[in-house]
Number of protein chains: 2
Amino acid sequence: MPEELHRGRPPSIRDVARLAGVSHQTVSRVLNHHPSIRPETKQRVLDVMAELQYKPNRAARALVTSRSHTIGILSASSTWYGPASSIAAIEEAARAAGYWVSTANIESSDARSIADGLAHLAAQGIEGLVVIAPQVRVFDTLAQLSIDVPYVTLQSTGRAPGHALSVDQIAGARMATRHLIDLGHRSIYHLAGPQDWIEAEARMLGFLEEMSARDVPTTAPILGDWTADFGYYAGRELLTVRDFTAIFSSNDQMALGLMHAIRDAGLEIPRDVSIIGFDDIPEAAHFWPPLTTVRQDFAELGRRCVALLLGDLDPAAPDYRGTITPELVVRGTTGAPLF
Amino acid sequence: MPEELHRGRPPSIRDVARLAGVSHQTVSRVLNHHPSIRPETKQRVLDVMAELQYKPNRAARALVTSRSHTIGILSASSTWYGPASSIAAIEEAARAAGYWVSTANIESSDARSIADGLAHLAAQGIEGLVVIAPQVRVFDTLAQLSIDVPYVTLQSTGRAPGHALSVDQIAGARMATRHLIDLGHRSIYHLAGPQDWIEAEARMLGFLEEMSARDVPTTAPILGDWTADFGYYAGRELLTVRDFTAIFSSNDQMALGLMHAIRDAGLEIPRDVSIIGFDDIPEAAHFWPPLTTVRQDFAELGRRCVALLLGDLDPAAPDYRGTITPELVVRGTTGAPLF
DNA sequence: ACGACGGATGTGACCGTGCACATGCCGTGA
DNA sequence: TCACGGCATGTGCACGGTCACATCCGTCGT
């Protein structure tokens, strides 16, 4: 029968040490897998730990080591499938590597709420930062608050070398555009995402590159806000002119809104207008018609994100670097133009 | 010119104290808004803090107070709109109340991954837990791991009184069912969510209650998995029988899959079959036809969730209790049956 | 046979903050 | 005039780990 335990406070290594008949330092060594512990001693300590339901105190450890083992995520629009999938994958990968994840969501992307979010994460002593938000402003704010942690952004245009994940958004956008051109389209609009999102920029760049590489005359992209609602209103506007046969939307939600507007106008997809999206959200296959789009592996993105970050933190971490290639998924919304 | 500072370690209250010519305890009092500090002294301390860019060390504070100020979220399927919206709102509300949020996402809902997730959160010393997952198993696991923190679940059927949020899912489901019955439907199927989700259970309950209240013969609900894919396959199965005129789907994604299957079969919505969903995801208004559904305020849900939790933690926290009533949104997928 | 060496373990300080208690000062009432 | 109480502030310790260093003991080489 073990001697009486203090009620109130959870057991500490000293409690474990006392019951196991060793010093607190030996208990610490067991916790940290120190090599020179006799197996017999180790087992005794482990037994007592189990008996006491001992759990290491994270705060105490963080205090003395100055390491929080926490990764912060700054995210705008975490309610959408893409970001949400990446966040889930980040969390999973981080947890597997022994890290915690703390999130700060920002609603609007004004400087103030970005600063609030970053300050919140910084106050926690995060060791790494993942940015899923309008990035230009975030970096400015990061500098202003003199927060100095390794960071990773989810997308790349080569703007932040070494910090960005090499998912080839540009290649994906070129694939989408090429698909439309190959079908015979020559009047193609691009419905882009918000200006300060790197994803939006990369996809727009890919679109423009492919168009000019194929000598197709280009119109200025329309800047949207990622929502289906915006796609719908943009579609209504565009249809007052009707000088196009295809639209490449920068994400699937806006594509859905476009389709809605086109059908409202009495036109048929893809006979009158072809639509292609980006992301391949799980619902896209069930749109009417099923949406042709470019698939991105958001989960893989998240995993590599963490690997990149941990590469800076723990040199021993596995290296997931390399390019993730998106994939064209042809469904029912694209076809040859009529004339 | 301030005296030389230690490089390497960030400034502590003692550094601030020395430069301000006070004791570390006075600095601590300023930090904690202790009433009896002379305004003049307080200002001097604040000035030094700003000059040094002093940031309180969370680990040290947590160690001595035994409080982590962290709320944990255990979430399955955080990639979907509903949960993701609630999570974002929880994070925002928690942050506003001075709490941090840490998430653990579980992919599969087997006992092992639930236990992993909970252990991960527990190791962090969370003070409260929000559960967005199959709840029955979570509570069992919680007990097994002898984790004892206040918790809140996002939905209620009165199963966990005092811990659940009173969003009236049952009322919402009854509204949806009533709408179909009022239109004249008498052969109505219900496509439910997974069995161990309380949301699914509540909506199913509401469906059954309303059906029996109106003396409409009821068929056994079909248990789905929330996905559009499942909705599609379930729809294909159902259409081999075709003994119904309307389907109430427990969420919008499955409704989308149903609509896809129905159109594939050459039927028209709502002429041949009426469909009603649940949630009102932002895309629902742009489905074809636009989906009739029941709107839930996920963000409000998240906010109240935190309030409920903080009510246990800080008696001074605002009280958001009360019932959130869902709202029927009639769009284009419901109409009177043909015959 | 004896000292050097290394494995196994113990001792004490320290990380940054908050708490309990002590101290000095000033105003006030008997 | 002095004891008392409350305000403003200081002193030292505790929280639960880890780190640097000390100690003990057995083995091995010469």
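Values below: all heavy atoms of this structure, side chains included; hydrogens, waters and symmetry mates excluded. Every chain is numbered from 1, with letters handed out A, B, ... down the list of sequences.
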B:R67 CZ - D:dC15 P separation (whole Å): 19 Å
Under 3.5 Å side-chain donor-acceptor pair for A:R9 and B:S66: yes
Touch class at under 4.0 angstrom, heavy-atom based, for B:S66 against every strand present: nothing
Non-hydrogen side-chain atoms of B:L309 and B:V130 separated by less than 4.5 Å: yes
Student check: side-chain heavy atoms of A:M49 and A:V27 closer than 4.5 Å: yes
Closest contact, heavy atoms only, A:P83 versus A:I132: CB-CG2, 4.0 Å
Sidechain-backbone polar pair: A:R29 side chain, A:H34 backbone, donor-acceptor under 3.5 Å: no
Side-chain N,O (B:T41) to OP1/OP2 (D:dT9) below 4.0 Å: yes
N or O in side chain of B:S23 less than 4.0 angstrom from D:dG10 OP1/OP2: yes
Side-chain heavy-atom pair B:I13, B:Y54 within 4.5 angstrom cut-off: yes
Between C:dT11 (P) and A:R18 (CZ): distance, integer Å: 14 Å
Integer-rounded Å distance: C:dT9 P and A:K42 NZ: 12 Å
Aromatic ring proximity A:Y81/B:Y81, centre distance under 6.0 Å: no
Protein proximity profile, nucleotides 16-27 of chain C - base contact B, sugar-phosphate-only contact S, no contact -, cut-off 4.0 Å on heavy atoms: BBBB--------
End-to-end axis angle, where each axis spans five pairs of the helix from C:dA1-D:dT30 to C:dA30-D:dT1, to 10°: 50°
Euclidean distance, atom NE2 of residue A:H69 to atom P of D:dT18 [Å, nearest integer]: 10 Å
Heavy-atom pair of closest approach, residues B:R58 and A:A123: CB-O, 3.8 Å
Euclidean distance, atom CD of residue A:E40 to atom C1' of C:dA8 [Å, nearest integer]: 12 Å
Pairwise side-chain contact, A:C305 with A:L308, heavy-atom cut-off 4.5 Å (strictly under): no
5'-most by nearest nucleotide on DNA chain D - A:A59 or B:V22: B:V22
